[in-house]
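Notes follow once the structure below has been shown.
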2 protein chains.
Amino acid sequence: MNSKTKHDLSASQEDYLEAIYNLTIQNEVARSKDIATALGVAKPSVTGALRMLSEKKLVNYKPYGYVTLTPQGRRQAKAVAEKHKIIKSFFVDILGVEKTTAGVAACKAEHALGPQIIDRLLAFSEFVSQNSIDGDGLAKKFNKYWKQCDINNRSQGKS
Amino acid sequence: MNSKTKHDLSASQEDYLEAIYNLTIQNEVARSKDIATALGVAKPSVTGALRMLSEKKLVNYKPYGYVTLTPQGRRQAKAVAEKHKIIKSFFVDILGVEKTTAGVAACKAEHALGPQIIDRLLAFSEFVSQNSIDGDGLAKKFNKYWKQCDINNRSQGKS
DNA sequence: TAATATAGTTAGTTAAGCCTAACTTTGCAA
DNA sequence: TTGCAAAGTTAGGCTTAACTAACTATATTA
């Protein structure tokens, strides 16, 4: 359809957008410094990224000014942030992965998974939360199963 | 432990390794041309990648010669290929995603997920296959659940 | 309001990973 | 055995995304 309005963003650009989104939720406005800190990059990298995103009409950016998202940008940022949440939640709440590990992986995976998979993953997480076997929720049941497996794998020391 | 022997590969390098691995399974040996075709890149890109991987002792490479994996390389390639398989299988067999879509996504996600998550994901897939509710396997049960959701979402036209 | 610290930008560099065009090597067939 | 097509490499260039060093703008505060 209108593939003209659907900017294709790089993983890096999505990361910037997401960071700005998260900062503006907390602080109303995003400062260049905080974006740099959030993403672990140097300040000039942020300046460059903001110029890019500004050209794509995704952020409101004037040199030395605060940064906000355009409606377009907010929409795309929100989509990325939601992917992140859905993936992380699957890792933590269903697979039982430790939060930090899950967050780091979600940060990378969110750029790899398209809407078809994300939609199904979300539905699946709901499905799992809503069903039980022998009175145990499925996630809990899997956790027991995992612990069984884990006994046999423990020697490998994979953290 | 010995983090010295554990070369950190880029996503691209892992892709090359995986392609070579798949080709050597089928053909005993990998040709530069076929690697290029498999990855959809131009021939000179392959030459460059092979030099890199050769420096890291992951492939046996002599200009104008066939390409094989070193034991090191085979180990790492196998790990990537297994990740791919585990992720794709989860997408297809459990989430019910179409094979091609699942394969493409797995190709990207395989670089994002570490062993902790992969191990748990594999165990989870096994767990799902081994359990039923009301006589339906969990995957089948989810499929029914999904179709219900899908009725409500169909208007959005997300492919 | 002037000094100074903090924030932000500019300029220039690097590295990865891709590309095309042009060249070389290899292997097969006449 | 020579000559041609296919495979592979070299050279050079582009883009993205990062970096450091040095400069400029802003804001704080004395």
Side-chain angles (χ1 to χ4, degrees), chain A residues 7-20 23-24 26-69 73 76-77 80 104 107-108 110-112, chain B residues 7-20 23-24 26-69 73 76-77 80 104 107-108 110-112:
Chain A
H7 300 287
D8 255 9
L9 299 178
S10 67
S12 162
Q13 288 167 343
E14 288 189 349
D15 283 336
Y16 280 102
L17 225 46
E18 188 184 9
I20 295 166
L23 285 168
T24 50
Q26 297 164 350
N27 311 337
E28 197 74 18
V29 117
R31 291 185 317 163
S32 195
K33 181 72 187 315
D34 296 331
I35 301 169
T37 303
L39 294 177
V41 300
K43 291 178 293 167
S45 306
V46 176
T47 305
L50 289 178
R51 247 205 301 266
M52 270 257 122
L53 294 172
S54 176
E55 269 168 32
K56 300 196 175 191
K57 309 282 183 198
L58 299 174
V59 303
N60 301 114
Y61 167 66
K62 276 289 170 67
Y64 297 104
Y66 289 131
V67 179
T68 55
L69 292 165
Q76 297 209 210
V80 177
V104 172
C107 248
K108 296 179 192 165
E110 72 198 15
H111 310 297
Chain B
H7 301 285
D8 255 9
L9 299 177
S10 68
S12 163
Q13 288 167 342
E14 287 188 351
D15 284 335
Y16 279 102
L17 225 46
E18 188 184 10
I20 295 165
L23 284 168
T24 50
Q26 299 164 350
N27 311 338
E28 197 74 20
V29 116
R31 291 185 318 162
S32 195
K33 180 73 187 316
D34 298 330
I35 300 169
T37 303
L39 294 177
V41 299
K43 292 178 292 169
S45 305
V46 177
T47 305
L50 290 177
R51 245 206 303 266
M52 270 259 120
L53 294 172
S54 175
E55 269 168 31
K56 298 197 175 189
K57 308 283 182 200
L58 299 174
V59 302
N60 301 116
Y61 168 66
K62 277 285 171 66
Y64 297 103
Y66 289 132
V67 180
T68 54
L69 292 165
Q76 296 209 209
V80 176
V104 173
C107 248
K108 296 179 192 166
E110 73 198 15
H111 311 296

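Every chain is numbered from 1 and lettered A, B, ... according to where its sequence line falls, protein lines coming before strand lines. Basis for what follows: all heavy atoms, side chains included, without hydrogens, waters or symmetry-related copies. In this text, all values refer to a predicted model and were calculated from it rather than measured experimentally.
- Rounded to whole Å, the distance from OH on Tyr66(A) to P on dA7(C) is 10 Å.
- Asn27(B) meets the side chain to side chain donor-acceptor pair (under 3.5 Å) test with no other residue; sequence neighbours excluded.
- Not one side-chain nitrogen or oxygen of Arg31(B) sits closer than 4.0 Å to the OP1 or OP2 atom of dG8(D).
- Side-chain contact check for Glu110(B) versus Asp15(B): some heavy-atom pair is nearer than 4.5 Å.
- Under the 4.5 Å side-chain criterion, counting only non-hydrogen atoms from C-beta, Met52(B) is not in contact with Leu58(B).
- Rounded to an integer number of Å, the gap from CG of Asn27(B) to P of dA7(D) is 14 Å.
- Atom pair Lys33(B):NZ and dG27(C):P shows a separation of 16 Å (rounding to whole Å applied).
- The phosphate of dA18(D) has OP1 or OP2 within less than 4.0 Å of a side-chain N or O from Ser12(A).
- Considering only side-chain N and O atoms, Ser10(B) lies under 4.0 angstrom from the phosphate OP1 or OP2 of dG17(C).
- Nearest heavy-atom pair, Ile35(B) versus Leu50(B), reported as atom, atom and distance to 0.1 Å: CD1-CD2, 4.4 Å.
- If you measure from atom CG of Asp8(B) to atom P of dA15(C), you get 18 Å, rounded to the nearest angstrom.
- Ser54(B) is linked by a side chain to side chain donor-acceptor pair (under 3.5 Å) to nothing, counting only residues two or more places apart in sequence or in another chain.
- Closest heavy-atom contact between Ala30(B) and Thr24(B): N-CG2, 3.9 Å.
- Residues that satisfy the salt bridge (Lys or Arg N to Asp or Glu O under 4.0 Å) test with Arg31(B), not counting sequence neighbours, are Asp34(B).
- Within the 4.0 angstrom heavy-atom criterion, only backbone atoms of the sugar-phosphate kind lie near Tyr16(A); the bases stay farther away.
- The environment of CD in Gln26(A) is crowded: more than 12 heavy-atom neighbours from other residues, nucleotides or ligands sit within 6.0 Å.
- What you find for Ala112(A) and Lys108(B) is that their closest heavy atoms are CB-CB, 3.4 Å.
- Side-chain contact between Tyr16(A) and Val80(A) is absent, with no heavy-atom pair separated by less than 4.5 Å.
- Across its full length, the helix from dT1(C)-dA30(D) to dA30(C)-dT1(D) shows an angle of 0° between the axes of its 5 terminal pairs at either end, rounded to 10 degrees.
- The two residues Asp8(A) and Gln13(A) come nearest to each other via the heavy atoms O-OE1, 4.3 Å.
- The stretch residues 50-63 of chain B has no heavy atom under 4.0 Å from DNA chain C, so no residue of it qualifies as close.
- Of the residues in residues 36-47 of chain A, those placing a heavy atom less than 4.0 Å from an atom of DNA chain D are Gly40(A), Val41(A), Ala42(A), Pro44(A), Ser45(A), in numerical order.
- Across the protein-nucleic acid pair, Glu14(A) atom CD and dA17(D) atom C1' stand 15 Å apart, rounded to whole Å.
- One interatomic measurement links the two molecules: OH of Tyr64(A) to P of dT9(C), which rounds to 6 Å at whole-angstrom precision.
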